[in-house]
Amino acid sequence: MDISEVARRTGISASSLRFYEKKGLISATSSAGERRHFAPDVVNQLALIALGQAGQLSLEEIRTMLSPTGAPQVDRNVLVAKADEIDATIKRLQAMSEGLRHAAQCPAASHAQCPNFQRLLKVAAAAKLKQSRSTAINASPGSLVARQAMRSKAK
């Protein structure tokens, strides 16, 4: 199938198809220098890529789950970890939504006088502080993440 036909069938631009090929997510059946052609099953591979992206998987995570033939080799541990991450995000967003609804409907004359709003402010500030500390610790030269990165570069 010609690259333009794949783009027409899937709605994915030719430039994205070339990018996916460069990243090793799909492969053309044509020789280098020729107009790109793909096997018909590339449509299924692209559907798997779209599904992975919808599930917040990185392209690298998706690539590791595709065999050279394009058949899925799903790492269930990665999926469970991603599902847990999404669940945590949902909980955080639900709490934020409830807080915003409360603030919008709060009968207090001023949000400064509302104990629920004050509690929400403290929780938000604590979460931001924790996020800032985590980022700073992971970025510091002596951190475990930085040491692991330096070790992998040395290899």
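Because only heavy atoms are used, hydrogens play no part in the values below, and waters and symmetry mates are left out as well, while side chains stay in. Because the structure is a prediction, the values reported are computed rather than measured.
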Can you give the donor-acceptor pairs under 3.5 Å from side chains of residues 114-124 to other protein atoms, not counting sequence neighbours?
| from | atom 1 | to | atom 2 | distance (Å) |
| --- | --- | --- | --- | --- |
| Q118 | NE2 | H111 | O | 3.4 |
| Q118 | NE2 | A112 | O | 3.3 |

Tabulate below the donor-acceptor pairs under 3.5 Å that side-chain atoms of residues 87-107 make, not counting sequence neighbours, or state none.
| from | atom 1 | to | atom 2 | distance (Å) |
| --- | --- | --- | --- | --- |
| T89 | OG1 | E85 | O | 3.1 |

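Inter-residue side-chain proximity for I3 and R35 is flagged as met; some heavy-atom pair is nearer than 4.5 Å. Side chains of R36 and L17 form no contact here, defined as non-hydrogen atoms less than 4.5 Å apart. Contact of the T10 side chain with the V43 side chain is registered, since non-hydrogen atoms from C-beta on lie closer than 4.5 Å. Looking at heavy atoms from C-beta onward, L46 lies out of side-chain contact with R9 at the 4.5 angstrom threshold.
Under the 4.5 Å side-chain heavy-atom criterion for Ile, Leu, Val, Met, Phe, Trp and Tyr, L57 and F19 are members of the same hydrophobic cluster. Under the 4.5 Å side-chain contact rule for hydrophobic residues, I26 and V74 share a cluster.
When hydrophobic side chains of Ile, Leu, Val, Met, Phe, Trp and Tyr are connected at separations under 4.5 Å, V80 ends up as a singleton with no cluster partners. Grouping Ile, Leu, Val, Met, Phe, Trp and Tyr residues whose side-chain heavy atoms lie under 4.5 Å apart, directly or via other members, leaves L51 alone, with no other cluster members.
Here the CG atom belonging to L79 is positioned 9.0 Å from the CD atom belonging to E61, to the nearest 0.5 angstrom. With rounding to the nearest 0.5 Å, the separation of CG in L48 from CG in L25 is 11.0 Å. With values rounded to the nearest 0.5 angstrom, K23 atom NZ is found 12.5 Å from I49 atom CD1.
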Margin query: Before you tell me yes or no, could you show the steps for Q73 and T64 under side-chain contact (heavy atoms from CB on, under 4.5 Å), namely the whole-Å CA-CA distance, both residues' side-chain angles and the distance that decides it to 0.1 Å?
Written below: CA-CA 8 Å; Q73 296 176 319; T64 63; over 6 Å; no
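F38 meets the ring pair (Phe, Tyr, Trp, His ring centres under 6.0 Å) test with no other residue; sequence neighbours excluded. Considering only residues two or more places apart in sequence or on other chains, R18 meets the salt bridge (charged side-chain N to carboxylate O under 4.0 Å, His left out) condition with none of them.
Among all heavy-atom pairs drawn from M65 and V78, the shortest one is CE-CG1, 3.4 Å. For the pair S30 and H37, the tightest heavy-atom approach, listed with the atom from each and the gap, is OG-N, 3.2 Å. In terms of heavy-atom proximity, A28 sits nearest to E21 at CB-OE2, 3.2 Å. Contact record, N77 with D75: N-OD1, 3.0 Å, taken as the closest heavy-atom pair.
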